[in-house]
Amino acid sequence: AFWPMFAPFAAWANEPLGVRRVAMLVCLMVGIGLAAFFLTSVLSVPHTACIGGDRITYTTEVRAPFSIGSLYLLATGIALALSSHRAVELLGLTVSAGSVVAYFFYVEAFISVWCFFAAASSVVIMLHFERASSKRRLAAPKSGL
């Protein structure tokens with residue numbers, strides 16, 4: 001329930017004014033609706049997690065239609081891919097690609113596999129901050145002490 005709301009909000013909050021920001025706001029509204037749907041589901045219906053083979057499979061009585069998954073991708077991946085900030089855009093593209101791969105190759109364990117791809121893609125953000133830190137170190141004036 002957290003990510004479909006947080007991801008588009010974070011992208012929107014860091015985007016300069018313009019068409020991209022408006023599109024991200026649409027993604028944020030979709031994300032808020034999804035967050036409400038998921039929170040209601042989590043609080044009202046039993047959920048289980050089972051380890052099977054090399055993955056975790058989540059089960060619930062609620063079967064989310066394909067459209068919910070598509071809207072989730074819109075909120076969490078596409079909102080980031082719309083960013084004018086290169087690292088955020090790359091993160092969105094990576095998360096979206098991971099989602100597609102997880103869906104087509106690991107549909108029975110989609111949630112856990114997609115979460116793995118999303119976590120692994122956070123390396124993009126780490127590299128962004130490392131690069132920014134290196135640029136600051138190179139640009140810092142040298143003291144003559």
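Please read all numbers here as calculations on a predicted model, not as lab measurements. Reckoned from all heavy atoms, side chains included, excluding hydrogens, waters and symmetry mates.
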Are the charged groups of E130 and R136 less than 4.0 angstrom apart, N to O? no
S84 pairs by side chain to side chain donor-acceptor pair (under 3.5 Å) with which of R21, E15, R20? E15
To which residues is L43 joined in a hydrophobic cluster, defined by side-chain heavy-atom contacts under 4.5 Å among Ile, Leu, Val, Met, Phe, Trp and Tyr, whether direct or through other members? L39
Are side-chain heavy atoms of [X] and [Y] found at a separation under 4.5 Å?
X: S96; Y: L73; result: yes
X: L34; Y: I68; result: yes
X: F116; Y: Y106; result: no

Under a 3.5 Å distance rule, please check whether S41 uses its side chain to pair with a backbone N or O of F37 as donor and acceptor. no
Where the side chain of S99 meets the backbone of V95, is there a donor-acceptor pair that is under 3.5 Å apart? no
For F2, is the CZ atom crowded, meaning more than 12 foreign heavy atoms sit under 6.0 Å from it? yes
Inspect the surroundings of CZ in F9 and state if more than 12 heavy atoms from other residues, nucleotides or ligands are less than 6.0 Å away. no
CG-OG distance between L80 and S121, expressed to the nearest 0.5 angstrom: 9.0 Å
Once rounded to the nearest 0.5 Å, what's the spacing between atom CE of M126 and atom OG of S122? 8.0 Å
Could you label the plane-to-plane angle of the F6 and W3 rings as parallel, tilted or perpendicular, counting under 30° as parallel and over 60° as perpendicular? perpendicular
Would you tell me whether S134 and R131 have side-chain atoms, one donor and one acceptor, within less than 3.5 Å of each other? no
